[in-house]
Every structure is written in C-alpha cells, then in structure tokens.
Amino acid sequence: MKWSKAFIPTLKEDPKEAETPSHRLLLRAGFVRQHQSGVYIFLPLGWRSMLKVMQIIREEMDAIGAQEMMLPALTSAKLWEESGRWEAFGDDMFRLKDRKDHDMALAPTHEEVMTDLARVYLRSYRDLPQIWYQMQTKFRDEPRPRAGILRVREFIMKDSYSFDATWEGLDHSYELHRKAYKKIFDRCGLKYTIVKASSGLMGGSQSEEFMVVAPSGEDRLAICEECGYSANVEVAQAEASAPPESPFKKREKVYTPDVRSVEEVSAFLNVSPALIVKSLLYTDGEKWILVMIRGDHEVNDAKLAKALGPDVRMASPDEVMDRFGMPVGFVGPIGIEVDEIIADKALKGMKGAVVGANEEEHHIVGVDIENDVKIDRFEDIRTVVEGDRCPNCGAPLKVVNAIEIGHIFKLGTKYSESMGAYFTDKDGSRKPIIMGSYGIGVGRILAVAVETYHDENGISWPITIAPYEIDIIEIDPRKTADVTEKLYSGLLNAGVDTIWDDREATAGFKFKDADLIGYPLRLVVSPRKVKEGVVELQFRRDGSRTDIPIDSAVEKIAEIVSEMREKASR
RNA sequence: CGGGGCGUAGCGCAGUUUGGUUAGCGCGCUUGGUUCGGGACCAAGAGGUCGGUGGUUCGAAUCCACUCGCCCCGACCA
C-alpha cells in the first residue's frame, strides 16, 4: 500500500474522551473511531489487524477440527424463552419487534441458536462429537461501556461450541480448546494467565478465563508469584492473614456516638479494621440471616449465594429498622434474634473483636467470636484480598487488574436439557448432548496488545497482528523513487506486508506517524545512504537500527520478518 | 441507576462567573513559494445552526427551564 493513497487519519493531539492507553492510541493512530457510546468503527488499519487476529484464530480452530459457520445475529425470542435467558439477560439484551409484532433479540451469545441446530441434526452418538464455531458480531447493552474497545455494546466474538456424547468427550473438547487458545494468544504475542473463573450467566460446571494483566482491566486476579497459582477473585479461595493483636482483653460495651462504618469505628477506637466485625443482615423474605465478616474484608456475593441459596439478598436499612429497631451501623451478633448466624472462615478463633451492640450508639469490644457468639456455621464467603495466603504454597497473594480475552466453559447439559437436544446412545438410550462453549473477544486482543506494548510515542505491535509489518520511510521521495519502488515491489513479492510512506512530508513527520501507529519495522530510504549503497532498517520495539546493502535488502528483511513472526508465536 | 465532568470550525481549546456591535487561538485544510533524518517556514485564503428546543431581554455562546449526546468513578456485568 502506498501511504499517499491510504485512509489513515492519525491525530496529532490526544482525543479528550480517551484516558486508557489502548483507547487513546487506537483513536490517535487511526485504528478506530467512535460511532456512539460503546460502538466503534474499525478503520482500515484497525480492520487489517482484526483480520490478522481472526485468521490466526481460524487457523488454530480449524487445526482442532472445528468447523466455521455463520449464525444469525437477529434471533427469535422463542429460543431464549426455552433456555430461560429471555428473562435472565434482562436489560443487557437488545430487544426489538418485527412488523408482525414478534419479539426478537440481537444475540449477545449463541448457545441457544447452536443448541437449536444441534437438536435437529445431532441425533445419534455416531453424529458426535462436533465442534462448531463462528466469528460474529455480538450485541450486549452494557450498563457502562468504557475504555474504547475494551467494553463495548457491539463487538466481534469468536464463539465455539462442542457437542459430545460423554463427559470424557467434553473433557477432551475442552482440552483441545484450551490448547488452541494458548496457541492463538501466543501467536498474537500476548502474555496471559489462565485462571479459574466463575461461570455466571452461562452456567455449567467449570470454567477458566484467559487474562492479560493490565492496570486498566476490570477483572481482579489473585496471583501467587511463588508457585504460579492464579484465580479470579470472584472464585479465589485463600486463608486470610491474621489480624493484629487486639488491645481489648475484656468484653465490654462502649459508647460510640455517631460511629457506624468500619472506618469510623476504626478511627474512633484506634483499632485496625481487621479487628472489627461487620454484621450484615440478609433475608429471603421469610428467614433472617446474620452474616459476619471481618471489617477489612468484603462479602463475595457468588460465594454467599452458594452458602445461602440464590434467593437471599441483603436487607435494606429500612427493613432492618422495621424488624430490629436500630440503624444498620450498630447491628451485632450478640443477643440478636435471627434464624441463622453464619460467619466467614477468617473469623474462626478471633479474640478481642469489635462488634455492634444491637443498641444505638454502642459497640462491644473484646469479643471472643467462637465463645461469645452462637455461630451456626463458618463458610468461605469473602473476596480474597492482597496479602492472603496462597492456597497452594502459603506465600502472600497479590491482587492485580486484568482484562479477559478468552473464556472456556464446560456447560454440561444445561442447554441440551432445557432445549431438548438429545441423542440416542449405542445402547439405544436417550441422553442429553454434553456441551461446552468457548469465547474469544477479537477486539480485546487488539486492546490488550496496545495496553501491553506501548510507550510515550505510540504503539509497538507484535508483528503477527500489526496492520503492516514494515513501513518504508522515504526521506525525500523525489530523489529515491526508483530505488524505493524496487524495494517495495521486492518486499511485496517476498510476502512481506508492506506500506510505503510516499507522502510529501518531512522525515520527522513520517517518523512520528510510524512511531504512533507502531509498525514493528521501518525501512528508511535516504538519498545520503542510497549513495552509499545501503538502506537503514529500524526496529520499533527496541529502537535499534542497522544498515543493510540495497542489493540484499529484500532477502535479508524477508528473513528477519519470518524470524519475528516465529518469535511472536514462541 | 447514583456521583462528577464536558458539549464553541475537521481536531485540541479560550471566551460563559459579570449578557453588548464582526465569536477567537493553535493544529489541520486550500493556493503559491522555499525547505527535506524526528510532527518545517513565509504569504494569501476557506471553514461556525456556539449540542437541541423553548423562554427572559432592546440585545443571549453567556441568564432560566426542559432536553439530547459523550467521558470518568461507582453499582452492574459472561
């Protein structure tokens, strides 16, 4: 491509709406443009990179025997009603009606459509296993789109679905995906972590996420630098670090006027939040449950739901006032009348704790949790925090932000049973198809690559997903056109993805654009060096440069490019 | 949904507090000339429903009401 003919609208100044590096740089470098909140246009450069990512995905999916197809984005409400997700998705689903007033949805994912296809055609164990996939636009009306293409309402996803006759078969399909995903992300040059995850709305028994650590990430990971353990904090389990020695040796009620929150109590009594116990009231509408957790910890809703059942919710301050006659800030476990008291495991054996006194303006200090409180059971109901002990090796855990780029699920029979996808097994019995589902956010790969590989001058793409592999920068197009033309066509013929900056602009201008866009290689053609019979090859990643003779330049560069492609693949 | 911020030329911004004649600046764009290894210089130009609607006023970018859109934080989320 000749740059003078290309549509590459780079911006000299930072767009004001962009704060996250990937957002700012993808806009500035002319990869994407915003159409509306959470909806983006992919410009030529951005789309080239997307296509490269998609081609890598396609090759690796095909390599495990997966078959690509294309499903509709416009789907009928009927299917979603069968699985129960017409309700479950709530406002996150884009809904519309057709002219006959039928309910439709723009699909946020495709388990239902795939299962609908499977139940018609996969009738015998002989038809199994199958892996089907597509790369297609998904629609999710996110409550808060953010950070450019990181969280959007319309995005391209590679989603695949496995259909097996046995649980061992599912394990195998899952493992195939796990390996393919590693190859895909390796080839994209990304550094990622695989973590245990929550399956959330998808359902199913087991899931893992592929995460890239980045400050702008919305997910939080507990990681152990000693043994490599890592898990999403949603599901991570770890032993809490011990609280400090309590100054309160004796149990007594103290006057704590206007002091309610953990921070206030901590400041007022001059005691660590780890020695304060929060008492939270939950209810399912009939039963009342007191949940106890350390002041420096947070309740993990997913874990709590597992312990208490899905219908239990936190009571509102008004409800607590109605039922117990006191503000939530002073609720405590001693003497309160509830149906059950459940405490987080971290409270086991705790002495000298501070709890609410069940009386306005008072707290009780010096509480021996196990002896002074009638706790019905201890459960792990908190979210892991930095400093907790690694469940594998006991080292202190770190908590870091990360971006999810892939997620693999063992769905089991959730959809096959609810939607009636059964096959006839060898012995003639009728069984539900055992399913898995596997997703990759294609645009997010671009975003995390930029998050990982950028500096103050711009992006520095892994060569495998760069919009072009090399940028020929002509210092003075009038004097070197013939040499450059030969290099350009030579590189194209050698299979090197090349753009030629033939614009009438100063050298500095071209260098700045090249830095910003982040082509991994630059070939500088200057009148001075051409006279010496050489051209200069520059590397974006480390800034190094080397002169090579014009005669062997094409051959040499093709060699370097192919090495770099290999290296990105590891 | 709660909190905060923003909307003026293609982009980035000033002007709004305290209403006043022709709405400015930088970049970009057009034409001509000079330059040519890190976002060149000179000259001449073009480009605006001041997000929208309604109101107050002799007069509104500026004041008032309503409204639309965008960003950030939180809640939420696969």
Side-chain angles (χ1 to χ4, degrees), chain A residues 9-20 23-24 27-30 33-40 85 88-93 107-111 138-148 150-153 155 157 159 197-204 207-211 216-220 232 234-235 298 301-302 314 403-409 411 414 437-441 444 456-458 473-480 501-517 522-530 535-536 538 540 543 545 547:
Chain A
T10 58
L11 304 171
K12 229 171 193 176
E13 289 169 281
D14 281 338
K16 67 169 172 180
E17 72 269 22
E19 297 189 3
T20 310
H23 187 197
R24 186 167 49 81
L27 283 172
R28 264 196 74 190
R33 206 98 310 172
Q34 187 182 49
H35 174 251
Q36 50 167 305
S37 178
V39 181
Y40 280 80
R85 292 208 291 184
F89 266 112
D91 287 340
D92 279 11
M93 189 141 86
T109 176
H110 278 81
E111 281 75 14
K138 302 288 188 261
F139 298 87
R140 298 180 189 182
D141 197 357
E142 295 285 347
R144 185 156 94 85
R146 66 173 281 278
L150 224 45
R151 178 160 295 273
V152 281
R153 301 194 292 168
F155 60 97
M157 184 176 181
D159 48 321
S198 144
S199 28
L201 252 190
M202 306 299 302
S207 89
E208 289 173 293
E209 289 166 324
F210 290 74
M211 292 284 196
S216 58
E218 299 175 281
D219 284 285
R220 299 184 55 76
N232 196 310
E234 289 171 4
V235 298
E298 292 294 330
D301 290 339
M314 198 183 222
I403 298 163
E404 176 189 351
I405 51 174
H407 201 158
I408 54 181
F409 299 87
L411 292 177
K414 172 179 164 145
S437 97
Y438 317 87
I440 291 177
R444 277 196 182 169
E456 64 281 7
N457 295 319
I473 295 186
E474 242 188 325
I475 300 295
D476 190 345
R478 294 163 310 170
K479 294 182 184 160
T480 51
D501 196 345
D502 59 335
R503 293 175 297 176
E504 288 285 342
T506 60
F509 191 90
K510 295 181 180 182
F511 284 130
K512 290 284 184 193
D513 259 355
D515 283 343
L516 178 61
I517 291 166
R522 292 199 297 241
L523 186 63
V524 181
V525 181
S526 74
R528 182 162 53 83
K529 296 227 167 174
V530 166
V535 284
E536 183 178 293
Q538 304 184 347
R540 174 68 175 89
R545 43 187 75 181
D547 285 346

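By the side-chain contact (heavy atoms from CB on, under 4.5 Å) test, A/T506 pairs with A/F509, sequence neighbours left out. Here A/R540 pairs with A/D455 under the side-chain hydrogen bond (donor to acceptor under 3.5 Å, both in side chains) rule; sequence neighbours left out. Applying the ring pair (Phe, Tyr, Trp, His ring centres under 6.0 Å) criterion to A/Y438, with sequence neighbours excluded, gives A/H177. Partners of A/K512 according to the side-chain hydrogen bond (donor to acceptor under 3.5 Å, both in side chains) rule, which considers only residues two or more places apart in sequence or in another chain, do not exist here. When the side-chain contact (heavy atoms from CB on, under 4.5 Å) test is applied to A/A29, the partners found at least two apart in sequence or on another chain are A/F31, A/I459, A/L516, A/I517. Partners of A/P108 according to the side-chain contact (heavy atoms from CB on, under 4.5 Å) rule, which considers only residues two or more places apart in sequence or in another chain, are A/W80, A/F89, A/M93, A/R140. Under the side-chain contact (heavy atoms from CB on, under 4.5 Å) criterion, A/V152 pairs with A/Y40, A/F155, sequence neighbours left out.
Residue A/K510 contributes atom NZ, which lies 14 Å from atom P of B/G39 at whole-angstrom precision. A/K138 has its NZ atom 17 Å from the C1' atom of B/C77, to the nearest Å. Rounded to whole Å, the distance from CD on A/E142 to C1' on B/G74 is 16 Å. B/G12 atom P lies 14 Å from atom CZ of A/R24, rounded to whole Å. Regarding A/D501, its CG atom lies at a distance of 13 Å from the C1' atom of B/G37, rounded to whole Å.
In this structure, B/A44 forms a base pair with B/U30, meeting either the Watson-Crick or the G-U wobble geometry with both donor-acceptor distances under 3.5 Å.
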Once each nucleotide of nucleotides 4-11 of chain B is scored for protein heavy atoms under 4.0 Å, what B/S/- sequence comes out, 5' to 3'? --SS---B
When you compare the protein's N or O atoms with those of nucleotides 40-51 of chain B, which come within less than 3.5 Å of each other, and at what distance?
{"unit_1": "B/A40", "atom_1": "OP2", "unit_2": "A/T506", "atom_2": "OG1", "d": "2.9"}

